Chemist: 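The structure follows.
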Amino acid sequence: EPGDTIYLDTSDYFLSGGISVDRFDAWDESTNLVSLQQGDVSLTIQGSTNEVAGGTVLRFFQQPVAIVMTQAMGVVVRDITFRHSPAGSGIGLRAYLSDYFTAEGVRCLDGQMGFDIDNSDVVALQHCVAAGNTEQGLKSTESANVSWTSGVLWSNKYGAYQTGPATGS
């Protein structure tokens with residue numbers, strides 16, 4: 001529900017299905033967007049900050065996308081590591097038509113693509129890592145104001161890839 005925080009405890013989770021968040025979980029498009037434009041959050045998915053104990057690691061087996069946001073405006077994902085098996089398969093995190101999306105401390109490792117931002121405006125990726133992906137670490141398609149701040153793009157075929165008339169940094 002909009003306004004909720006979902007907490008994921010410190011652990012290694014083995015998942016056979018992907019996670020989907022849509023507008024009914026986050027923010028109805030017909031709702032007044034002023035609060036999102038002012039920085040409010042609709043839904044937070046919060047992983048563990050206990051890195052010494054391993055943090056929150058979600059391992060996905062033969063899934064095309066680990067977590068996908070579709071028309072889910074104002075969602076924040078924090079402190080989660082996404083890993084794919086077999087290595088080189090799947091997308092870590094995908095935001096499609098999901099304006100005002102934020103990822104903080106998210107790691108997308110060993111997939112086909114780390115972060116896929118598609119037709120989503122005002123996206124902030126802060127302190128994130130995309131490493132060991134066989135294609136792009138970050139792909140931005142037709143998305144305006146996508147920012148990658150204090151993050152690491154390491155050992156991907158392409159670090160960052162942008163298509164369409166978009167702006168970002």
Side-chain angles (χ1 to χ4, degrees), residues 5-26 43-73 75-99 101-120 123-143 146-164 166 168:
T5 297
I6 300 168
Y7 293 99
L8 301 173
D9 203 2
T10 303
S11 191
D12 227 340
Y13 298 93
F14 296 87
L15 304 171
S16 60
I19 298 169
S20 295
V21 178
D22 65 22
R23 70 187 184 113
F24 298 108
D25 299 313
L43 173 70
T44 300
I45 302 172
Q46 176 69 55
S48 171
T49 58
N50 187 352
E51 292 296 322
V52 173
T56 300
V57 180
L58 304 181
R59 296 179 187 271
F60 292 86
F61 295 94
Q62 299 177 336
Q63 291 302 307
V65 182
I67 182 168
V68 61
M69 270 80 54
T70 305
Q71 295 181 335
M73 295 191 282
V75 172
V76 174
V77 178
R78 288 189 185 117
D79 303 312
I80 299 174
T81 298
F82 298 103
R83 293 194 95 115
H84 280 276
S85 183
S89 65
I91 298 168
L93 187 147
R94 182 165 199 254
Y96 177 66
L97 297 172
S98 296
D99 298 346
F101 170 72
T102 301
E104 298 175 359
V106 173
R107 293 159 299 276
C108 295
L109 310 174
D110 304 325
Q112 177 184 2
M113 185 185 311
F115 297 86
D116 182 15
I117 309 303
D118 188 357
N119 284 281
S120 300
V123 173
L125 305 166
Q126 304 165 348
H127 309 286
C128 293
V129 175
N133 296 292
T134 59
E135 293 295 327
Q136 298 92 351
L138 167 63
K139 181 180 177 185
S140 174
T141 306
E142 301 287 335
S143 300
V146 175
S147 68
W148 177 273
T149 308
S150 300
V152 176
L153 296 168
W154 183 264
S155 195
N156 305 293
K157 184 173 183 180
Y158 306 104
Y161 184 82
Q162 181 174 324
T163 61

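We number each residue from 1, following the sequence as shown. Hydrogens, waters and symmetry mates play no part in the numbers below; they use all other heavy atoms, side chains included. Values in this document were obtained by computation on a predicted structure and should not be read as measured data.
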Chemist: Report the distance from atom NZ of Lys157 to atom CD of Gln112, rounding to the nearest 0.5 Å.
Modeler: 10.0 Å

Chemist: For Leu153 and Trp148: C-alpha separation, side-chain torsions, deciding distance, then whether side chain to side chain contact (heavy atoms under 4.5 Å, CB included) applies.
Modeler: CA-CA 10 Å; Leu153 296 168; Trp148 177 273; 3.7 Å; yes

Chemist: Any non-hydrogen side-chain atom of Val52 less than 4.5 Å from a side-chain atom of Asn50?
Modeler: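 Counting from C-beta outward, Val52 and Asn50 do come under 4.5 Å.
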
Chemist: Give, for atom CG of Asp118 and atom OG1 of Thr141, the distance between the pair rounded to the nearest 0.5 Å.
Modeler: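 It comes to 5.0 Å.
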
Chemist: Are the side chain of Asn156 and the backbone of Tyr158 linked by a donor-acceptor contact shorter than 3.5 Å?
Modeler: no

Chemist: Would you check if Asp79 and Gln46 make a side-chain contact, meaning some heavy-atom pair closer than 4.5 Å?
Modeler: yes

Chemist: Where the side chain of Thr56 meets the backbone of Leu8, is there a donor-acceptor pair that is under 3.5 Å apart?
Modeler: yes

Chemist: Return the orientation label for the Phe14 and Phe61 ring planes: parallel under 30°, perpendicular over 60°, tilted otherwise.
Modeler: parallel

Chemist: So, Ser11 side chain and Asp9 main chain: donor-acceptor pair closer than 3.5 Å or not?
Modeler: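 Checking the backbone N and O of Asp9 against the side chain of Ser11, no donor-acceptor pair under 3.5 Å is found.
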
Chemist: Any idea which heavy atoms bring Leu125 and Phe101 closest together, and the distance?
Modeler: CD2-CE2, 4.1 Å

Chemist: Would you say His84's side chain and Ser89's backbone share a donor-acceptor pair under 3.5 angstrom?
Modeler: yes

Chemist: Do Ile67 and Phe60 have side chains that approach each other closer than 4.5 Å (heavy atoms only, starting at C-beta)?
Modeler: no

Chemist: Compare all side-chain heavy atoms of Met69 with those of Leu93 and state whether any distance is below 4.5 angstrom.
Modeler: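 Yes - at least one pair of side-chain heavy atoms lies under 4.5 Å apart.
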
Chemist: If you take all heavy atoms of Ala103 and Cys128, which pair is closest and at what distance?
Modeler: O-SG, 3.5 Å

Chemist: Apply side chain to side chain contact (heavy atoms under 4.5 Å, CB included) to Arg59 and Leu15, showing your working.
Modeler: CA-CA 6 Å; Arg59 296 179 187 271; Leu15 304 171; over 6 Å; no

Chemist: Grab the two heavy atoms, one from Arg83 and one from Asp110, that are nearest each other, plus how far apart they are.
Modeler: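 Of all heavy-atom pairs spanning Arg83 and Asp110, the closest is NH2-OD2, 2.6 Å.
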
Chemist: Heavy atoms, side chains only, cut-off 4.5 Å: are Phe82 and Val57 in contact?
Modeler: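 No, side chains not in contact.
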
Chemist: Could you tell me which non-hydrogen atom of Gln126 sits nearest to which non-hydrogen atom of Thr102, and how far apart they are?
Modeler: OE1-CG2, 4.4 Å

Chemist: Please check: side-chain N/O of Ser143 versus main-chain N/O of Ser120, any donor-acceptor pairing under 3.5 Å?
Modeler: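 Pair found, side chain donor or acceptor close to backbone of Ser120.
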
Chemist: Let me confirm one number: the CE-CG distance from Met73 to Leu43, rounded to the nearest 0.5 Å.
Modeler: 13.0 Å

Chemist: Identify the two heavy atoms, one from Ala130 and one from Gly137, that lie closest to each other, and give their separation to 0.1 Å.
Modeler: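 So the two residues come closest at CB-O, 3.4 Å.
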
Chemist: If you round to the nearest 0.5 Å, how far is CG of Leu97 from CD of Glu142?
Modeler: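 Glu142 CD to Leu97 CG: 11.5 Å, rounded to 0.5 Å.
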
Chemist: Would you compute the distance between atom CD1 of Ile19 and atom CG of Leu58 and round it to the nearest 0.5 angstrom?
Modeler: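 Going from CD1 on Ile19 over to CG on Leu58, the span is 5.5 Å.
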
Chemist: Where do Asp99 and Asn119 come nearest, in terms of heavy atoms and distance?
Modeler: OD1-O, 4.1 Å

Chemist: Between Asn133 and Gly111 (side chain of the first, backbone of the second, donor and acceptor by atom type, cut-off under 3.5 Å), is there such a pair?
Modeler: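 Answer holds: yes.
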
Chemist: Would you say Thr81 and Leu109 make side-chain contact, with heavy atoms under 4.5 Å?
Modeler: yes

Chemist: Where the side chain of Gln63 meets the backbone of Ser16, is there a donor-acceptor pair that is under 3.5 Å apart?
Modeler: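 At least one qualifying donor-acceptor pair exists.
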
Chemist: Would you say Ile80 and Arg107 make side-chain contact, with heavy atoms under 4.5 Å?
Modeler: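 Side chain of Ile80 against side chain of Arg107, heavy atoms only: no contact under 4.5 Å found.
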
Chemist: Kindly determine whether His127 and Ser150 satisfy side chain to side chain contact (heavy atoms under 4.5 Å, CB included), including the steps that lead there.
Modeler: CA-CA 5 Å; His127 309 286; Ser150 300; 3.6 Å; yes

Chemist: May I ask you to decide whether Lys139 forms a salt bridge with Asp116, counting only side-chain N to carboxylate O separations under 4.0 Å?
Modeler: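 A salt bridge is absent here (no side-chain N lies under 4.0 Å from a carboxylate O).
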
Chemist: Less than 4.5 Å apart, any side-chain heavy atom of Leu138 and any of Ile117?
Modeler: yes

Chemist: Is there a side chain to side chain contact (heavy atoms under 4.5 Å, CB included) between Arg78 and Thr44 once you walk through the steps?
Modeler: CA-CA 8 Å; Arg78 288 189 185 117; Thr44 300; 3.6 Å; yes

